[in-house]
Amino acid sequence: MTAAVFFGCTFIAFGPALALYIFTIASDPLRVIFLIAGKASEGLKSINPDDTVPSMRLLAYVSGLGFGIMSGVFSFVNTLSDSLGPGTVGIHGDSPQFFLNSAFMTLVVVLLHVFWGVVFFDGCEKKKWYIILIVFLTHLLVSAQTFLSPHYGINLLSAYIIMVLMGIWAFFVAGGSCRSLKLCLLCQDKDFLLFNQRSR
Amino acid sequence: MLTFMASDSEEEVCDERTSLMSAESPTPHSCQEGRRGPEDGEGATQWGNQDSEEDCEEDPDPYACSGTPGRPPGLEEELTLKYGAKHVIMLFVPVTLCMVVVVATIKSVRFYTEKNGQLIYTPFTEDTPSVGQRLLNSVLNTLIMISVIVVMTIFLVVLYKYRCYKFIHGWLIMSSLMLLFLFTYIYLGEVLKTYNVAMDYPTLFLTVWNFGAVGMVCIHWKGPLALQQAYLIMISALMALVFIKYLPEWSAWVILGAISVYDLVAVLCPKGPLRMLVETAQERNEPIFPALIYSSAMVWTVGMAKLDPSSQGALQLPYAPEMEEDSYDSFGEPSHPEVLEPTLPGYPGEELEEEEERGVKLGLGDFIFYSVLVGKAAATGSGDWNTTLACFVAILIGLCLTLLLLAVFKKALPALPISITFGLIFYFSTDNLVRPFMDTLASHQLYI
């Protein structure tokens with residue numbers, strides 16, 4: 001199998017996660033460490049009084065991303081390494097789109113973990129146990145669907161639908177609103193990444 | 001350590017750092033001296049690198065602990081945490097780089113996974129008919145290796161105590177020469193063979209000569225910090241590769257475990273050789289030899305004004321702990337991080353200076369043993385990436401925990417035990433439990 005398959009599948013599966021990491025975490029790793037060590041507010045004040053205090057939501061996002069990346073990597077990296085070697089995909093009657101399907105499935109799993117993390121932490125904080133139950137059940141559902149393995153269409157489609165729904169839910173849980181989304185897309189939001197970077 | 005105190009005791013941290021940047025390197029007080037054995041090329045010892053580093057003394061002055069009046073008591077803890085966090089990041093990158101180089105080489109160059117003899121320090125073979133015999137042989141190999149290490153450590157302490165600095169310095173230079181020239185030549189040869197690239201001898205010698213000469217200059221004298229760091233990472237990777245090649249399977253794992261135990265004992269016990277070494281260095285207020293320590297320090301600028309005792313009375317400065325880790329030796333000088341405590345001016349009337357970039361130091365032996373663990377995980381038969389990644393994560397977690405513990409305890413702690421323990425646990429559990437499971441899942445495209 002070709003290098004094109006290898007690189008293509010790698011970027012499909014891990015591109016968004018890597019982008020999220022680079023743009024949100026890598027530039028400010030101290031915040032993350034502080035969060036994890038539990039000394040968020042005072043610690044950050046000592047670093048830079050202007051920074052906003054990171055919240056539990058940030059921790060939820062970071063932990064979701066971490067779990068997602070680990071889960072995706074552990075599921076997919078051996079497949080990727082095999083894709084560099086010699087072979088013919090589907091020679092025993094499997095689908096020839098084995099790698100593409102695995103890549104897209106990995107992507108959806110990574111993003112789902114991020115959203116699940118945000119929603120789950122929110123549920124724990126507000127002590128709304130039905131949220132936790134929903135997260136748990138959707139996770140089971142997505143995993144159980146992968147048993148439909150050769151029938152990629154339904155599997156992938158429903159996984160992506162669940163991901164979009166969870167994403168919308170996580171967005172509103174994390175404090176987003178339609179207005180802030182509009183501001184963000186038009187680069188008018190002061191807190192948004194690009195706006196900040198321009199002024200840096 | 002009150003680096004900026006106007007005291008006669010110059011912190012060796014200060015010296016160490018400056019000596020790294022502008023190594024007027026005739027401060028050849030390396031406490032650590034690894035054992036350099038006679039190098040006879042492959043198959044022989046690879047004692048090249050002494051990764052024994054001495055860490056700088058760590059002990060803070062007692063009166064530094066009093067804190068400043070007017071400073072909230074939690075602030076010191078926050079500063080602690082902040083410097084701890086910063087150092088964690090500063091160490092993650094080089095450790096990761098070293099492991100990446102080792103894993104990339106193991107996965108691509110066949111030479112380092114081929115069995116081609118054993119070191120004289122592990123004389124018992126592992127090609128035995130029974131499992132019990134193999135286990136016994138690996139334990140015996142470990143015993144021999146560890147006793148060699150202990151003997152060499154004691155020899156080093158003796159040398160240092162009797163101030164045989166020239167001897168130590170010469171030994172250090174010889175081993176760097178070996179690493180930078182001979183091992184690089186072999187490595188380059190194998191990489192060229194793997195990728196079937198032809199290179200003529202004149203070009204090869206020019207390349208190796210330049211690489212080695214610049215390396216010697218950077219490591220033992222002055223050089224750009226990034227270049228020095230790169231060279232130290234490269235020689236650690238080379239040493240780790242040699243270990244991975246020449247240590248037999250089971251012996252390697254038992255040796256890793258035994259080294260962490262030895263590290264723990266030697267650093268924490270009152271009569272441990274490393275502790276004695278550190279205390280001797282502290283008494284003499286001497287800088288530790290910089291050539292075997294990876295440092296991420298920037299220029300050590302004195303940002304604080306000299307304190308005038310008469311006007312200040314008792315010195316009461318808050319301190320920011322600084323963590324240093326030094327690992328000893330490629331052969332078992334255990335590593336232990338040390339805490340150094342530069343102070344920040346906090347007395348009224350002086351604005352708080354920006355803390356300068358304080359570097360953190362990690363001994364090369366730590367790099368080497370971490371890379372040996374991850375490299376061995378990558379080299380074992382199944383060629384499984386999950387195991388390699390799990391070990392990598394385990395080591396980083398261990399490193400993080402060690403640094404945080406250091407910030408909490410503020411005394412010398414060994415750097416190997418936690419990481420190696422996690423690494424070993426993760427290796428065996430992932431290889432035996434997780435790998436078959438994930439293989440089946442991946443082949444059926446099931447996701448959990």
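Labels below follow one simple rule: chain letters A, B, ... track the order of the sequence lines, proteins then strands, and each chain is numbered from 1. Reckoned from all heavy atoms, side chains included, excluding hydrogens, waters and symmetry mates.
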Fill in: For the student: nearest non-hydrogen atoms of A/Thr79 and B/Ala442, plus distance
OG1-CB, 3.9 Å
Item to complete: Decide yes or no for A/Phe147 and B/Leu446: does some side-chain heavy atom of the first lie under 4.5 Å from some side-chain heavy atom of the second?
Response: yes
Worksheet item: Contact part of A/Val73 toward chain B, heavy-atom cut-off under 4.5 Å: side chain, backbone, both or neither?
Response: both
Worksheet item: chain B heavy atoms under 4.5 Å from A/Ser71: which part of the residue, side chain, backbone, both or neither?
Response: side chain
Worksheet item: Counting only heavy atoms not in A/Phe67, do more than 12 fall under 6.0 Å of its CZ?
Response: no
Worksheet item: How far apart are the closest heavy atoms of B/Ala390 and A/Phe74, and which atoms are they?
Response: CB-CZ, 3.9 Å
Item to complete: Mark yes or no for whether B/Gln445, through its side chain, and A/Asn101, through its backbone, hold a donor-acceptor pair below 3.5 Å.
Response: no
Practice prompt. Taking atom CZ of B/Phe392 as the centre, report whether more than 12 heavy atoms of other residues, nucleotides or ligands fall under 6.0 Å from it.
Written response: yes
Item to complete: State whether the number of non-hydrogen atoms from other residues, nucleotides or ligands found under 6.0 Å of A/Ile91 atom CD1 is greater than 12.
Response: no
Worksheet item: More than 12 non-hydrogen atoms from neighbouring residues, nucleotides or ligands closer than 6.0 Å to CZ on B/Phe92, yes or no?
Response: yes
Response to the item:
Closest non-hydrogen contact found for A/His139 with B/Ile448 is NE2-C, 3.8 Å
Item to complete: Output yes when a side-chain donor or acceptor of A/Asn78 lies under 3.5 Å from a complementary backbone atom of B/Trp385, and no otherwise.
Response: yes
Response to the item:
Heavy-atom closest pair (A/Val109 atom, B/Tyr447 atom, distance to 0.1 Å) is CG2-CD2, 4.1 Å
Worksheet item: Got a sec: does the CD1 of A/Ile154 have more than 12 other heavy atoms crowding it under 6.0 Å?
Response: no
Practice prompt. For atom CZ of A/Phe136, decide whether the heavy atoms of other residues, nucleotides or ligands shown that lie under 6.0 angstrom number more than 12.
Written response: no
Practice prompt. Under 4.5 Å heavy-atom distance to chain B, tell me which part of A/Asp82 shows up: side chain, backbone, both or neither.
Written response: neither
